[in-house]
Number of protein chains: 2
Amino acid sequence: MKPPYSDMSQPSESWQITELSRNLKPSAIRELLNLATRPGMISFAGGLPAPELFPVEELKAAADMVFSTQGRSALQYSVTRGLLPLREAVAERESIGGIKSTHENISITSGAQQGIELMGRLFVNAGDYILTEYPTYVGALQVFNALGARYASVPMDNDGMIVSEAEALIKQFKPKMIYVVSTFQNPTGITMLMSRRNELVALAKKYNLPIIDDSPYDELRFSGEPLPSLKQLGEDSVIGLRTFSKILSPGIRVGWINASDDILKIAERIKQGSDLHTSSLNQLIVLEYLKTGKLFGHIQKICVDYLNKRNAMITRMKECFPAEVSWTEPEGGLFLWLTLPSHLSATTLLEKAIAENVLFVPGKPFYPDGQCDNTFRLNFSNASLSQIHEGIDRLGKAISAFC
Amino acid sequence: MKPPYSDMSQPSESWQITELSRNLKPSAIRELLNLATRPGMISFAGGLPAPELFPVEELKAAADMVFSTQGRSALQYSVTRGLLPLREAVAERESIGGIKSTHENISITSGAQQGIELMGRLFVNAGDYILTEYPTYVGALQVFNALGARYASVPMDNDGMIVSEAEALIKQFKPKMIYVVSTFQNPTGITMLMSRRNELVALAKKYNLPIIDDSPYDELRFSGEPLPSLKQLGEDSVIGLRTFSKILSPGIRVGWINASDDILKIAERIKQGSDLHTSSLNQLIVLEYLKTGKLFGHIQKICVDYLNKRNAMITRMKECFPAEVSWTEPEGGLFLWLTLPSHLSATTLLEKAIAENVLFVPGKPFYPDGQCDNTFRLNFSNASLSQIHEGIDRLGKAISAFC
């Protein structure tokens with residue numbers, strides 16, 4: 001018998017909750033997102049796309065077309081793996097992007113987040129280790145914690161995971177899979193160096209470990225040369241998780257997994273229990289939008305906007321922040337990663353920032369062991385240029401009073 | 001070290017898949033749904049609503065309104081628990097239906113299917129028992145099998161679970177939760193008698209067990225008097241899983257959990273890892289449709305249609321089927337449940353039915369132990385009246401040649 005869950009009122013007080021569920025912490029970002037709606041607040045906390053860039057009219061037209069021509073199919077149940085024409089369209093995009101794929105390699109998911117969970121459930125038992133970057137995506141830790149996973153954490157520098165340190169960890173902890181966000185990482189914005197990509201793929205092959213490459217940001221490159229993805233380099237050794245969230249809309253919850261058919265067959269059985277299938281309506285809307293051929297231009301528009309915002313944020317940080325604060329300067333994605341002098345706490349800084357009406361996410365929740373409290377993440381995609389200017393001013397004030 | 005998964009090609013051949021995933025069977029219905037698209041095939045297999053009844057124009061208008069007035073919110077990330085105005089509207093409907101609720105009792109899910117999984121993960125560890133009806137919903141077994149659950153199965157008669165047999169099973173197997181489809185059950189169409197509802201709630205309270213009442217069909221009552229739901233009777237002892245799938249559209253994947261706030265707080269943490277949130281767009285479309293006040297009338301229209309179809313199916317069955325075949329006559333829902341003489345196999349009958357171009361689902365997958373192969377499920381909501389007439393003719397031919 002496990003002890004009853006402590007916060008429960010009668011009669012559920014006496015219900016036995018599984019230990020894994022009981023120990024799950026509320027999301028670190030949830031409360032911040034509530035605070036973000038406070039009048040006058042400027043938020044650099046969430047990883048939200050710029051709402052003013054959503055192609056609302058185009059997606060409205062796509063939805064209209066779907067209702068007019070395939071309304072009944074859009075509203076009916078559909079297959080767990082995803083609608084075949086969408087899987088074909090996604091496979092074609094992947095192939096153009098350098099990852100040779102057919103529809104058999106594609107499974108539609110309810111956002112890339114679901115891809116993370118499906119892969120976690122496929123490969124990880126409670127107590128198993130996962131090899132990850134340190135820090136890593138907090139939403140992946142949320143999934144993996146719920147499965148009872150443990151972490152073999154590989155340190156990062158400005159060129160991504162220090163892969164040379166990974167082999168010793170693999171030998172010691174025998175992880176069941178490798179989870180990375182190799183390009184414009186969440187939270188750091190850092191991209192893994194080419195040589196390290198090759199090294200990591202070789203290591204995965206040597207130890208027969210799947211690499212789960214969570215790649216929501218790959219197409220949001222503002223500058224520099226694109227690198228081949230891990231999936232491109234490692235082919236069947238790598239499972240790619242992708243999504244329309246950052247390049248089109250997160251509210252429609254349409255992502256995909258790129259993997260071998262045998263892996264997708266098992267993932268499909270788990271997904272069927274999870275949600276039967278991803279919304280037929282939303283899959284058809286995405287497909288209709290893809291047919292317009294506008295996505296490529298839309299992504300270019302996003303990249304121009306985010307580059308401006310990134311530059312504005314960095315320029316203002318240089319003017320307002322004390323010299324002791326350092327940060328990454330990513331060539332794409334949504335995030336900057338900041339480091340305070342090691343004796344300072346970003347969690348404490350957040351309290352002062354909230355008093356100044358500006359929000360960010362402290363770094364701690366991105367570390368499986370909750371260390372490195374002197375780091376924090378800034379999102380530059382969601383706020384407007386004037387909010388970025390004003391928000392960095394406020395944050396500079398909070399930091400200067402604090403350093 | 002676990003043995004490598006057997007069907008895998010290089011290099012994933014050597015990956016270690018968790019035992020639970022490896023043992024998951026493909027859905028029994030998946031292949032049937034593929035067969036259902038074969039030209040000339042008449043399918044009574046899936047639990048699909050009648051597509052001709054979907055309010056396509058009304059939902060198109062709702063979507064248009066959402067894009068025109070809240071396009072950016074519809075396309076943006078939203079909160080895991082669900083949009084507050086939708087939770088309020090759902091709580092109001094629940095209260096009108098007799099379940100006193102506020103938005104704090106409601107969590108939006110990606111279909112009721114996700115509610116099953118969230119509750120399974122909240123209460124069930126691998127090896128734990130779940131008390132269920134025998135037979136029970138195959139999609140719930142899919143979830144629970146993936147969690148490594150075992151089953152304490154309570155026999156049913158035409159008045160639902162024989163609750164008097166449940167207590168001994170609770171004492172013997174110490175289940176962690178009770179999962180039932182108390183009204184117009186999937187697969188049998190049977191509704192639990194009033195006295196048994198009270199008995200089951202009392203039992204759940206006595207043993208401090210949560211009842212998960214999966215209730216997608218409650219509002220589809222064609223005849224007879226409505227019974228109070230388990231949730232209405234048991235209040236906080238019962239967790240209700242509901243959905244818009246059967247009363248509006250399954251393709252939009254919007255359902256909800258009705259439970260105490262403390263349970264929903266934990267469920268929210270698990271759901272956040274699973275898919276972050278249910279599509280903002282689809283939640284807003286449902287909300288907009290609810291505002292028109294048309295749902296009540298729409299449900300009445302569905303009930304009239306399904307009653308006609310049920311009657312047509314039963315009338316034709318009486319004409320075509322041998323006397324040895326018996327069936328349930330449900331007052332609502334989507335399904336009839338048929339029983340062949342005990343020496344006959346519905347799995348074998350299905351082969352003959354396929355040859356006649358008609359489909360149903362054999363009963364075996366609905367039994368955790370895979371027994372009772374002389375039973376099968378017929379869906380009457382999806383096919384047209386003329387297809388029902390012709391399909392039952394064909395099935396009668398197959399059965400007669402077989403009995």
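Proteins get letters first, then strands, A, B, ... in listed order; numbering begins at 1 in each.
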Polar side-chain atom of [X] near backbone of [Y] as donor-acceptor pair, under 3.5 Å:
X	Y	answer
A:Arg253	B:Asp275	yes
B:Gln76	A:Leu48	no
A:Gln272	B:Gly139	no
B:Ser279	A:Gly251	yes
A:Arg269	B:Leu24	yes

With a 4.5 angstrom heavy-atom cut-off, could you sort out which part of [X] is near chain A: side chain, backbone, both or neither?
X	result
B:Lys174	neither
B:Ala74	backbone
B:Ile285	side chain
B:Ser78	neither
B:Thr278	backbone
B:Phe244	neither
B:Val254	neither
B:Glu57	neither

Separation between CD1 (A:Ile252) and CG (B:Leu75), nearest 0.5 Å, reads 7.0 Å

Rounded to the nearest 0.5 angstrom, the CD1-CG distance for A:Ile270 and B:Asn145 is 12.0 Å

Report which part of [X] has an atom under 4.5 Å of a heavy atom belonging to chain B: side chain, backbone, both, or neither.
X	result
A:Glu235	neither
A:Asn382	side chain
A:Leu118	neither
A:Leu33	neither

Contact winner vs chain A - [options], heavy-atom pairs under 4.5 Å:
options	value
B:Val56, B:Asp261, B:Asn34	B:Val56
B:Ala259, B:Ser274, B:Gly111, B:Ser280	B:Ser274
B:Phe144, B:Phe67, B:Phe123, B:Tyr207	B:Phe67
B:Val143, B:Thr80, B:Leu276	B:Leu276

I need the residue from [options] with the largest number of non-hydrogen atom pairs under 4.5 Å to chain B.
options	answer
A:Arg72, A:Gln142, A:Lys25	A:Arg72
A:Gly120, A:Ala63, A:Ser27	A:Ser27
A:Ala146, A:Pro49, A:Ala112	A:Pro49
A:Val124, A:Leu209, A:Ile116	A:Leu209
A:Gln283, A:Met177, A:Glu268	A:Glu268

Using a strict threshold of under 4.0 Å (side-chain N to carboxylate O), is an ion pair present between B:Arg121 and A:Glu117? yes

Go through A:Trp15 and B:Ile263 one step at a time and tell me if the side-chain contact (heavy atoms from CB on, under 4.5 Å) criterion holds. CA-CA 10 Å; A:Trp15 291 348; B:Ile263 286 294; 3.8 Å; yes

Side-chain contact test, heavy atoms from C-beta onward, threshold under 4.5 Å: evaluate it for A:Ser68 versus B:Lys60 and give yes or no.
yes

Checking side-chain contact (heavy atoms from CB on, under 4.5 Å) for the pair B:Tyr77/A:Ser245: CA distance, chi angles, key distance, verdict? CA-CA 9 Å; B:Tyr77 282 115; A:Ser245 292; 3.8 Å; yes

query: What do the steps show when you test A:Leu59 against B:Leu281 for side-chain contact (heavy atoms from CB on, under 4.5 Å), and what is the final call?
result: CA-CA 11 Å; A:Leu59 286 170; B:Leu281 174 64; over 6 Å; no

In terms of heavy-atom contacts, B:Ser21 and A:Leu122 come closest through OG-CA, 3.5 Å

